[in-house]
Amino acid sequence: MTEGEHTEPLHLLAPDGSLSEASSALPLPPQLLEPDLLRALFRDMTMARRVDTEATALQRTGELGLWSSCLGQEAAQVGSAHAMDERDFAFPTYRESAAAWVRGVDPVALLGLYRGTTHGGWVPDEHRFALFTIVLGAQVLHAVGYAMGQQRLDSGGAAIAYFGDGATSEGDVHEAMVFATVTNAPVVFFCQNNGWAISEPVHRQTTVPFTQRAAGYGMPTMRIDGNDVLASLAATQWALEHARGGSGPVFIEAVTYRMGAHTTSDDPTRYRPPGELEYWATQDPIDRLRLLMINREVAAEDFFVEVQAQADALGERIRAAVRGAEDPEAGLMFDHVYASDHAQVERDRQRWSAPFAEGGVMA
Amino acid sequence: MSEQVFALPDVGEGLTEAEIVRWRVQPGDEVAVNDPIVDIETAKAVVELPCPYAGVIGELLVAEGQVVAVGTPILSVTGKSLLIGYGVMSDTASLPSSTEAPARTQAPESTQAPVNVRALAKPPVRALARELGIDLASVTATGPRGDVTRADLYATREPTAASAGERVAVRGIQRTMAQAMVRSVHEVPQVSVWRDVDVTGATKLLAQLRTDPGWAGVRVTPVTLICAAMVHAVRTTPIINSRWHDLADGTAEIETHRQVDLSVAVAGPRGLVVPHIPDADRMNLHQLATAISTLTERARADLLTPAELVGGTITVTNIGVFGADGGTPMINPGQSAILATGRIMERPWAINGGLTVRPIMTLSLTFDHRVVDGAAGATFLAAVSDYLSTPPSSP
């Protein structure tokens, strides 16, 4: 499933809502067109976008310290996360809020990380979804390590590593791919190429498609339209099955676009060339699924109205919960340093908390 | 009915202030949560702020163009019914409504002038009016509700518009430059020395590089060689590439940098910017030339990132391009020296008792006299001069 240089990304669902001809490179399993699944994908992308816009607004009003928007990348994340089953485990960056939504992570818990009220936000095992990783590329190694573990346990589960185009330049990602291929680990490398690594355009990361590089490690690759939720789902399903079945790692490049800033601390108008944003606005992942659903009469206007109402209710719930979030006790920072009790950490905790308990002030 | 006040948030990571660029709402406008209300410009970006409350815009507490600290109240929002502002409104004065924008330019009093109405003004403005001996009723009010503002009071004491000069608010890069220069003059005891240099050698080298096929496509200018000369001279006088640190306990330390991050003053489209080339001392002349031309092109295209605009360990500024020969450049705060280079002019030049004509350039060096003494400053200047007079033949 490797493809040549500079070919168009594989897609199933075009921006006008039409389905492309099934190809051997990326077949369209008929169950992907089940009405319930299409409705679920639409709902999840819409809810994820609402989480994103609310988080941006909360940051702009001083309620969050920072936000890293996934606006425009909903299809890549929602499609791939839908491909996971109960044996799989995802390792996200800090931009996978749409994937987190699919994995059942409460957005309010997630935003705690950005408000500074938690160091994590959720229990990874409960969602098969690791904590957001800020260190660029580190989670790709975690995913491979996890996959090698599953291989040794013979659990039949696979890992999916999320990362961006910029992270591919990190040594960690190279090391992860070396280990994954030589150990034949059950891991899917899911690279969202969103065009920009903060302010560096993708041509500063590579002169060939990322899939060509990945093929050099010796794994099958697929380059897909990342704004096509069906392509994302079909490709990731195929890749996870390949990995779970003992055939080794797969690399997927989902070509998408970061419609917002790198984070709220950044000003993309300083470096984004004119016309780029306008072009990608015509490629919107949610709009094209809506068109497909209308064409196929999978949903009518009342469905879309209902989903929008649910999304707005979610926005209000998030807003109220984030604004009302209480500051955590300072001692919380000692809680998860080690998995088990640790004498040094206990001493530190006591030294830290004593002055507060006595109503005094630290010198 | 509750009034809620929106304070300017830190929309970056550790920003302290922002400029109110443009209000997107006016008092009396109805707003929903997350409606855009204002564009602000921070040191990093222009961003649009959404409204955290639903209701009716009460007051815009900060004017466009003003720079305010994070935490400053900028806007009040009330419930759907209207809140009357400070002072007493006459029956005839119109309340702000969503269809009719309240008078920002003229007070209700001045249009309708009921004789017994007290002029609108906030208590501190009233106090200031008393202090200045100004009758509030005589002032043209420009506040958002037709109230007299502090600026209105000062305006009555200023020359009339006909005789006053044009005033422009100081913003953005100019403001950054102004702050840096004030800091420099207040904090750094600085001394300037200068020296005329015969740059025949540098001129020949430039001509040679421009015809060298290995240098095709690389832009080489006198600044290229001046930068190379500075990096070379720092090796002879490392103290010039240092930073003075005042410590909390009243003592001080001097940090001599291990690398040369060479700041280059460039006239960008929005004003003077001083981006830097990191690790200039690790570059050969070819790499340095490329780095300089990339940096200046990016500066002129306004593409520099905030990270490039701060930092640097020593600065060079070419005042020759503007036709100046020499001067007393001011130190970029956080550094210990700045070199200004003047025009290259043919001048009479005496050598071994004979008179000849040579291309001459004046170098003006300003240094922090807490860090660098006169001897070190002169040694550095001599090393820059030597490089330009007789540059290495094959750099």
Side-chain angles (χ1 to χ4, degrees), chain A residues 49-69 71 94 113-116 134 166 196-201 204 259-274 277 308 311-325 363, chain B residues 4-19 21 24 31-54 68-75 77 172-173 268-270 273 275 294 298-299 301-309:
Chain A
R49 182 166 291 183
R50 192 64 184 81
V51 172
D52 192 79
T53 52
E54 192 60 41
T56 299
L58 284 167
Q59 197 282 336
R60 292 288 185 237
T61 51
E63 301 291 345
L64 300 177
L66 183 77
W67 177 242
S68 43
S69 165
L71 188 65
Y94 44 81
L113 188 64
Y114 291 84
R115 191 176 166 89
I134 314 292
W196 292 94
I198 308 187
S199 57
E200 289 287 69
R204 298 287 298 271
M259 297 296 282
H262 169 70
T263 70
T264 44
S265 295
D266 165 49
D267 182 359
T269 64
R270 296 288 297 275
Y271 50 79
R272 197 154 52 195
L277 190 68
Q308 194 53 53
D312 289 339
L314 175 66
E316 278 173 38
R317 179 172 78 82
I318 293 170
R319 193 184 316 134
V322 167
R323 286 190 192 163
Chain B
Q4 290 180 289
V5 172
F6 180 39
L8 181 73
D10 170 12
V11 297
E13 294 162 80
L15 296 174
T16 56
E17 61 176 24
E19 178 187 329
V21 176
R24 290 165 173 268
V31 284
V33 172
N34 293 348
D35 280 355
I37 45 173
V38 64
D39 294 341
I40 64 167
E41 180 166 15
T42 70
K44 290 181 173 179
V46 175
V47 294
E48 180 188 278
L49 299 189
C51 191
Y53 316 113
V68 291
V70 166
T72 306
I74 60 170
L75 172 86
V77 180
I173 281 176
R270 297 192 291 161
V273 289
T294 309
R298 286 164 51 70
D302 205 14
L303 287 173
L304 294 170
T305 61
E308 286 173 302
L309 287 171

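Per chain, numbering begins at 1; letters A, B, ... match sequence-line order.
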- Heavy-atom pair with the smallest gap, counting every atom of A/Asp267 and B/Val46: OD2-N, 3.5 Å
- Is it the backbone or the side chain of B/Val33 that comes under 4.5 Å from a heavy atom of chain A, or both, or neither? side chain
- Task: Locate the shortest heavy-atom distance separating B/Leu304 from A/Arg270; write the atom from each residue and the value.
- Result: O-NH2, 2.8 Å
- Query: Between B/Asp10, B/Asp302, B/Val47, which residue shows the highest count of heavy-atom pairs closer than 4.5 Å to chain A?
  - Reply: B/Val47
- Message: Under a 4.5 Å cutoff for heavy-atom pairs, which residue among A/Ser265, A/Gly65, A/Gly62, A/Ala57 has the most contacts with chain B?
- Response: A/Ser265
- Where do A/Arg60 and B/Glu48 come nearest, in terms of heavy atoms and distance? CD-O, 3.6 Å
- Item | salt bridge (charged side-chain N to carboxylate O under 4.0 Å, His left out) against A/Arg204, all qualifying residues, sequence neighbours excluded | A/Glu200
- Query: Hey, are the side chains of A/Arg323 and B/Pro52 touching, using non-hydrogen atoms and a 4.5 Å cut-off?
  - Reply: yes
